[in-house]
Structure formats: C-alpha cells, structure tokens
Amino acid sequence: MTNNLSVVINADAQQVWTSLREPSLVAQWHGWEADELGDEINQIYFSTAVVESPDHTSLTVNGGDVFELTPVSGGTEVRVTRAALDHDSEWAAWDEDITQGWLTFLHQLRFALERHPHGHRRTHFVSLPGGSGSGIQKLGLADVPAPGEEYSLTLPTGEAISGKVWFRSNHQVGLTVHSYAEHGDGLLIVADQPVIPEKRPDGGTIVIASTYDLGAASLESIRSHWDGWKAENYPTEVHSH
C-alpha cells in the first residue's frame with residue numbers, strides 16, 4: 001500500500017518548524033481535542049528520544065518516524081518517513097493506523113498553517129464501529145470531486161455543507177466546510193480504518209471536524225448532528241442473557 005506521507009504547505013520552512021516545536025501549535029493540528037492530547041504531544045514530540053537536526057530541516061519523533069522539511073516552489077514540502085516496523089512491538093498491529101494517522105495530521109497541519117495560522121481550533125471527534133461497510137460511503141462522500149474542486153452536499157447527519165475538497169486518498173476524504181468557521185473554512189476529515197484481527201475485527205471509521213471561532217450554539221449544533229446520526233445508525237448492542 002502506501003499513501004504518500006507528504007504535503008506541500010504554502011508557508012516557509014521556519015513557520016512549519018515552529019508548528020512542530022511549540023506544544024500549543026502542535027495542538028492545532030495533531031489529533032483532536034481530548035483530555036490526553038497534551039500528554040500525547042509531549043510523549044511524541046518532546047520526549048528525550050526526540051532528535052532535532054541543527055538546521056531545523058529534520059525531526060525524529062519518539063518511535064523513530066522522521067519529519068523532513070524541504071523548501072519547494074509552492075512553499076515547504078513536509079514528508080514523514082516511517083521507522084522500520086518492529087514485529088515484536090506492542091504497536092505492530094497498529095502500524096497501519098499510525099501511517100493513516102500521520103496522513104490525517106499532515107493535512108491538518110497544512111490546513112492550520114494555510115487557513116488559520118493564528119486560529120484556535122475546536123474539534124469534534126466521532127468513532128464509528130465497522131461491520132456495516134465504509135463510513136465514507138455511508139456518509140455519501142465516496143464520489144466527491146478531485147482535490148481543489150468545489151462540492152456541495154447534505155450529509156446524512158442533516159448538515160448541508162459546502163467548500164472544496166482538501167484531499168483524497170485510498171482510505172480518507174478531507175473537505176473544507178464553510179459552516180465550520182466564523183471566518184473562512186473549517187475542515188472535515190473522514191477516515192476508514194482497516195480490520196485488525198482480534199483487536200478491531202470489523203474495521204471502523206473516524207471523523208474529525210475542526211472548527212474555528214464558532215459560537216457555542218453553532219458548535220453544539222454540529223456536535224449534536226454528528227452524535228444524533230451515530231446514535232441512530234450505530235445503536236449500541238445490548239446482549240440478552
């Protein structure tokens with residue numbers, strides 16, 4: 001397989017480097033809001049195992065994956081090279097998830113720097129169980145246009161959204177969403193997850209909605225649309241005894 005773990009960001013290399021080396025800025029693109037986000041960022045990017053190159057073009061994070069920054073005509077190419085897989089590691093089964101996570105986070109990094117370099121994101125994260133097919137298909141996103149093209153659709157959550165396709169890959173779709181930001185756009189990423197025998201036997205899907213400067217009512221509306229749709233379409237199984 002592999003998805004190309006690189007993006008070209010319309011920003012200079014020093015701006016990108018700063019977004020990799022300041023914890024508050026890493027939090028604007030890595031992952032999603034969660035109680036453990038700060039600890040996760042510290043462990044990955046700021047532990048004693050992390051190695052910075054003196055010229056600020058290479059960063060080896062905890063675990064051995066490497067960020068490389070290269071100036072190009074469109075700004076800065078940011079590439080992640082995965083460490084060699086240790087089949088005996090407790091993380092071996094999750095190796096593809098980590099690769100897919102880097103792809104998601106690279107596109108969130110590009111979005112944060114290009115669209116909201118001084119913004120503060122608020123996210124809503126949804127994890128959907130597998131077993132009933134691709135979440136991308138269930139959400140009606142399998143046939144969105146090519147990256148850079150405009151789209152307009154109504155999600156099965158009831159939300160009418162529009163914007164441009166940010167990226168597409170083998171297992172992910174990223175869309176800019178006008179209604180997810182007070183000024184400009186927010187970002188919606190839907191990523192299908194592979195089957196992992198004995199750990200995630202049915203696969204699954206994650207949804208990350210990144211919003212900017214919305215009022216409390218608007219943010220709550222987005223969250224309630226997603227949570228309501230999940231509750232209707234993925235009811236919790238109750239086993240009778």
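A centroid separation of less than 6.0 Å is found between the aromatic rings of Phe111 and His116.
The backbone N or O of Pro194 sits less than 3.5 Å from a side-chain atom of Arg200, completing a donor-acceptor pair. Within the 3.5 Å criterion, the main-chain N or O of Val61 finds no donor-acceptor partner in the side chain of Asp65. Without hydrogens or angle criteria, Ser53 side chain to Ser58 main chain gives a donor-acceptor distance under 3.5 Å. Of the possible donor and acceptor atoms, none in the side chain of Glu114 sits under 3.5 Å from a partner among the backbone N and O of Ile9. Thr76 places a side-chain N or O within 3.5 Å of a backbone atom of Ala11 that can act as its donor or acceptor partner. A donor-acceptor distance shorter than 3.5 angstrom exists from the side chain of Thr176 to the backbone of Lys164, with no hydrogens or angles considered. Looking only at distances, a side-chain donor or acceptor of Gln15 sits under 3.5 Å from a matching main-chain atom of Asp12. Remark: the backbone N or O of Asp192 is not paired with any side-chain donor or acceptor of Thr205 at under 3.5 angstrom. Of the possible donor and acceptor atoms, none in the side chain of Ser218 sits under 3.5 Å from a partner among the backbone N and O of Leu214. Using a distance-only test at 3.5 Å, with no hydrogens or angles considered, a donor-acceptor pair links the side chain of Trp166 to the main chain of His107.
In this structure, the separation between CD1 on Ile161 and OG1 on Thr154 is 8.5 Å, given to the nearest 0.5 Å. Rounding to the nearest 0.5 Å gives a distance of 13.0 Å between OG of Ser47 and CD1 of Ile41. In this structure, the separation between CG on Leu175 and OG on Ser162 is 10.5 Å, given to the nearest 0.5 Å. For the atom pair CG of Asn10 and CZ of Arg115, the computed distance is 10.5 Å after rounding to the nearest 0.5 Å. Between atom CG of residue Leu188 and atom OG of residue Ser210 there is a gap of 8.5 Å, rounded to the nearest 0.5 Å. With values rounded to the nearest 0.5 angstrom, His183 atom NE2 is found 14.5 Å from Tyr212 atom OH.
No side-chain heavy atom of Thr211 sits under 4.5 Å from any side-chain heavy atom of Thr123. A heavy-atom distance below 4.5 Å is found between the side chains of Leu59 and Arg21. By the 4.5 Å heavy-atom criterion applied to side chains, Arg122 and Asp213 are not counted as neighbours. Side-chain contact between Leu153 and Leu155: present, with at least one pair of heavy atoms (C-beta onward) separated by less than 4.5 Å. Inter-residue side-chain proximity for Tyr151 and Val177 is flagged as met; some heavy-atom pair is nearer than 4.5 Å. The shortest side-chain heavy-atom distance between Asp202 and Val195 does not fall under the 4.5 Å cut-off. Taking the side chain as every heavy atom from C-beta outward, Val16 and Leu113 approach each other to under 4.5 Å.
Between the side chains of Glu159 and Tyr180, at least one donor N or O lies within less than 3.5 Å of an accepting N or O. For the residue pair Asp185/His178, the side-chain donor-acceptor check at 3.5 Å is satisfied. For the residue pair Thr104 / Gln172, a side-chain donor-acceptor distance below 3.5 Å is found, with atom types taken as modelled. Between Arg79 and Thr70, the side chains place no donor N or O within less than 3.5 Å of an acceptor N or O (distance only, hydrogens not considered).
Applying the side chain to side chain donor-acceptor pair (under 3.5 Å) test to Gln193 and every residue at least two apart in sequence or in another chain returns nothing. By the ring-ring contact (aromatic ring centres under 6.0 Å, His included) test, His30 pairs with Tyr45, Phe105, sequence neighbours left out.
Pairing each heavy atom of Ser221 with each of His225, the nearest pair is O-ND1, 2.8 Å. Looking at every heavy atom in both residues, Ser169 comes nearest to Leu103 through OG-CD2, 3.4 Å. Heavy atoms only, all atoms of each residue included: Gly63 and Ala83 are closest at O-CB, 3.5 Å. Closest approach of Ala142 and Gln137 over heavy atoms only: CB-CG, 3.9 Å.
The residues Glu33 and Arg223 are annotated as salt-bridged, a charged nitrogen and a carboxylate oxygen being separated by less than 4.0 angstrom. Remark: Asp95 engages Arg82 in a salt bridge, criterion side-chain N to carboxylate O under 4.0 Å.
Below 30°, between 30° and 60°, or above 60°: for Phe125 and Trp32 the angle between ring planes is below 30°, a parallel geometry.
Under a hydrophobic clustering in which Ile, Leu, Val, Met, Phe, Trp and Tyr are joined whenever their side-chain heavy atoms come within less than 4.5 Å, directly or via other members, Val190 and Trp29 fall into different clusters. Cluster annotation: Leu109 and Ile98 are assigned to the same hydrophobic cluster (Ile/Leu/Val/Met/Phe/Trp/Tyr, side-chain heavy-atom contacts under 4.5 Å, transitive). Connection of Val78 to Ile44 is established within a shared hydrophobic cluster, with ILVMFWY side chains joined at heavy-atom distances below 4.5 Å, either directly or through further cluster members. Tyr234 is connected to Val207 through a chain of hydrophobic side-chain contacts under 4.5 Å among Ile, Leu, Val, Met, Phe, Trp and Tyr, so both are in one cluster. Residue Leu5 is grouped with residue Ile206 when hydrophobic side chains (ILVMFWY) are merged at heavy-atom distances under 4.5 angstrom, including chains of intermediate members.
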| field | Audit row: Asp227, His124, side-chain hydrogen bond (donor to acceptor under 3.5 Å, both in side chains) steps and yes/no | value | CA-CA 10 Å; Asp227 292 345; His124 187 56; 2.9 Å; yes
| said: Show, in sequence, the C-alpha distance, side-chain angles and deciding distance for Val7 and Glu77, and conclude whether the side-chain contact (heavy atoms from CB on, under 4.5 Å) test is met. | reply: CA-CA 6 Å; Val7 293; Glu77 180 187 47; over 6 Å; no
| task | Go through the steps for Val66 and Val80 under the test side-chain contact (heavy atoms from CB on, under 4.5 Å), then give the verdict. | result | CA-CA 5 Å; Val66 181; Val80 173; over 6 Å; no
| message | Set out, in order, the CA-CA distance, both residues' side-chain angles and the distance that settles side-chain contact (heavy atoms from CB on, under 4.5 Å) for Ile189 and Phe167, then state yes or no. | response | CA-CA 9 Å; Ile189 294 179; Phe167 78 99; 3.8 Å; yes
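Sparse packing is recorded around CG of Asp143, with 12 or fewer heavy atoms of other residues, nucleotides or ligands lying under 6.0 Å away.
Evaluation of the ring pair (Phe, Tyr, Trp, His ring centres under 6.0 Å) test over residues 47-86, restricted to residues two or more places apart or in two chains, returns Trp17-His56, Phe67-Trp102.
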